[in-house]
Amino acid sequence: MPNRQRRRLLLPAVTLTALGLTTTQALAAPSETPKPRPHQAQQQAEIGKKHAKKVQGTAATAGPAFSAKASSAAPGEDEGDEAENSAEGTAQYTEARTAPGVVAPGAYGAAWSQLQSMPHTGGSWEHVTNKPYNEDDPRYRDVNSNSSGGAGFATGRITGIAADNDGYVYAGGANGGVFRSSTGGGQWKSDLGQAAVPLHRRAEPRRGRAALVRHRRVQHRRHLVRRHRRVRARGPQHGEFQPGNRVGGAELESTIIHALRFGGGKVWAATSRGVWSHSTSTLSGPWTLEFAPNPDYLPGGAKAADASAPYKNIANDIAIDPRDPTKVVLAVGWRGGDTYNGFYGKAADGSWQRVASLGDLPTDAANVGNVTFARSADGSRYYAIDQSPDVMAHNPDTGLKGIYVSKSGSPYGPWVLIADKDKLKGSGSALQGAGYQPGIQAWYNQFLQVDPANPDHVYAGLEEVFETKTAATRGRPRAVLEQRFPCWSIDPTKQTGDCSSTVHSDQHAVAIGSYKGKASVYVGNDGGIYRRPGNGAVDAGATARTGRR
């Protein structure tokens with residue numbers, strides 16, 4: 001999208017990157033944020049500088065990904081916005097680092113129990129904020145937002161989607177709540193119980209099987225996690241998610257859970273505190289810590305009180321060989337860069353060791369950041385998106401290293417590059433301007449989905465949604481749900497009135513399901529949940545809205 005549309009975002013993002021203290025769950029869009037207390041902001045800034053210096057010192061030979069050099073604002077930046085940008089950048093910087101922070105496992109659960117036991121004061125409340133919000137309404141124009149781009153009604157950030165072949169679709173919102181549709185994306189209901197919160201984007205509910213979700217409380221309009229747990233509904237189509245159905249103990253509370261993967265009779269969780277696993281047949285008992293690259297920084301460890309602790313054991317995703325579930329590859333790494341970043345696999349002695357080579361997919365610490373995996377239903381393909389700390393630090397246009405395929409179906413590859421920033425840019429992307437091209441927010445926006453009926457038909461989400469039906473042959477992708485601004489103007493009198501329907505920006509979740517034999521692909525982003533036919537004709541904007549959540 002145009003630079004003017006994201007100016008407030010870029011300054012804070014550059015600031016965070018330069019200070020070397022950003023995480024894969026850092027902020028994606030500006031919003032109304034109270035200014036931090038001066039001493040708090042100063043303290044967090046000092047923590048950032050110290051950690052950046054520490055990382056730079058220990059990674060002097062690892063390449064430029066660990067540079068702490070600050071970048072200047074883009075040319076043409078309005079000087080009048082500098083004070084506002086600075087205040088907002090400081091507020092976002094502080095907020096991103098005060099949550100989740102270092103919180104003992106079980107602390108949030110205990111606080112929740114105490115809250116539930118407190119007396120309640122009755123009263124009659126009336127909902128006065130249920131007016132629909134139409135971004136394309138000519139009465140609303142904001143140069144610093146995504147208004148008038150064709151996305152229409154906006155609801156809230158969707159961070160998890162799951163769909164089956166009976167028309168059931170689940171959508172998890174960043175503000176809390178699991179919403180369910182039984183008609184392929186309409187007539188949404190939020191009747192999954194008070195404990196129902198975001199459904200994990202990779203959970204796959206099927207008829208007669210339990211649905212596993214992540215229980216999360218987040219701050220308004222943020223990806224800032226207050227507490228996490230896993231809960232399930234015994235009947236995913238009609239059951240409710242309740243606190244008593246929690247999977248395991250309190251081990252995953254206060255962690256950021258990036259991905260769930262299933263294999264070998266276990267569910268694997270990639271979290272901000274390493275990789276954990278749990279039996280899928282026996283849901284009681286604690287989670288098992290499979291791997292943490294720096295265990296001393298975990299709660300109870302010798303360095304748990306260190307300011308760097310929240311950033312030393314970040315795991316992003318897990319790839320499990322469909323033919324041999326004992327073969328597992330862990331994608332581990334802090335998106336801003338650290339010496340432990342890399343891919344890890346199990347050695348013969350049972351220990352986790354770095355994977356030295358995977359073909360085109362980089363394995364060095366400087367080029368492994370936020371990673372997302374996706375596997376085809378027939379097991380013949382594995383796909384991956386890789387965000388590079390080195391690219392993000394030195395390429396002003398993108399943070400994306402590339403999209404890759406393993407045509408062997410094994411997470412060990414060999415992996416082949418099938419798309420990079422330039423290929424995506426030439427596919428119909430709206431992001432053509434200097435300083436904002438495909439993958440500029442790959443540290444934050446990522447999803448992958450393989451069509452269950454075609455292992456070469458793939459959807460990739462970054463700021464926009466891309467599609468290819470010839471992935472294995474490096475076929476040219478196309479931006480099927482791109483965000484364009486053909487009629488944008490801050491002056492309502494200059495609107496052209498021909499904005500075509502499209503999705504909101506910043507993609508987070510994806511699923512493919514069907515209703516009455518018709519397949520649809522669903523995407524979740526900062527504006528809500530959208531759908532389009534999985535195959536066949538679509539509308540002029542290549543999309544259709546599923547309804548507000």
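Below 30°, between 30° and 60°, or above 60°: for His508 and Tyr444 the angle between ring planes is above 60°, a perpendicular geometry. Note on ring orientation: taking the six-membered ring where Trp is involved, the planes of Tyr382 and Phe373 are perpendicular (angle over 60°, cut-offs 30° and 60°).
A donor-acceptor pair shorter than 3.5 Å cannot be found between the side chains of Ser429 and Gln437. Asp506 and Asn445 share a donor-acceptor pair across their side chains, judged by distance under 3.5 Å alone.
With hydrogens and angles disregarded, no donor-acceptor distance shorter than 3.5 Å links the side chain of Glu135 to the backbone of Ala154. Side chain of Gln446 to main chain of Asn370: a donor-acceptor pair is present (N/O by atom type, distance under 3.5 Å, no hydrogens or angles). Looking at Asn316, its side chain does come within 3.5 Å of a backbone N or O of Gly369 through a donor-acceptor pair. Distance alone, capped at 3.5 Å, places no donor-acceptor pair between the Thr255 side chain and the Ile257 backbone. Panel note: side chain Gln507, backbone Val465; no donor-acceptor pair is recorded below 3.5 Å. Asp422 contributes no side-chain N or O that, together with a main-chain N or O of Lys425, makes up a donor-acceptor pair within less than 3.5 Å.
Looking at every heavy atom in both residues, Leu417 comes nearest to Gly402 through CD1-CA, 3.8 Å. When every heavy atom of Gly528 is checked against every heavy atom of Thr155, the shortest pair comes out as CA-OG1, 3.2 Å.
Note that Arg261 lies outside the cation-pi zone of Trp268, set by a 6.0 Å cut-off to the ring centre and a 45° limit from the axis.
Side-chain contact between Thr372 and Phe447 is absent, with no heavy atoms from C-beta onward closer than 4.5 Å. You'll find the side chain of Ile161 stays beyond 4.5 Å of the side chain of Val510, heavy atoms only. In this structure, the side chains of Asp386 and Leu400 stay at 4.5 Å or more apart for every pair of heavy atoms. Two residues are said to be in side-chain contact when any heavy atoms from C-beta on lie closer than 4.5 Å; Asp456 and Arg381 meet this criterion. Residues Val523 and Ile529 are not in side-chain contact: their nearest non-hydrogen atoms beyond the backbone lie 4.5 Å or more apart. Under the 4.5 Å side-chain criterion, counting only non-hydrogen atoms from C-beta, Ile320 is not in contact with Pro411.
Taking a cutoff of 4.0 Å between a charged side-chain nitrogen and a carboxylate oxygen, Lys312 and Asp338 qualify as a salt bridge. A salt bridge does not link Lys401 to Asp420: none of the charged side-chain nitrogens sits closer than 4.0 Å to a carboxylate oxygen.
A side-chain hydrogen bond (donor to acceptor under 3.5 Å, both in side chains) with Ser388 is found for one member of Asp364, Asn341, Asn367 and no other, namely Asn367.
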Go through the steps for Phe466 and Tyr459 under the test ring pair (Phe, Tyr, Trp, His ring centres under 6.0 Å), then give the verdict.
CA-CA 6 Å; Phe466 298 88; Tyr459 292 92; over 10 Å; no

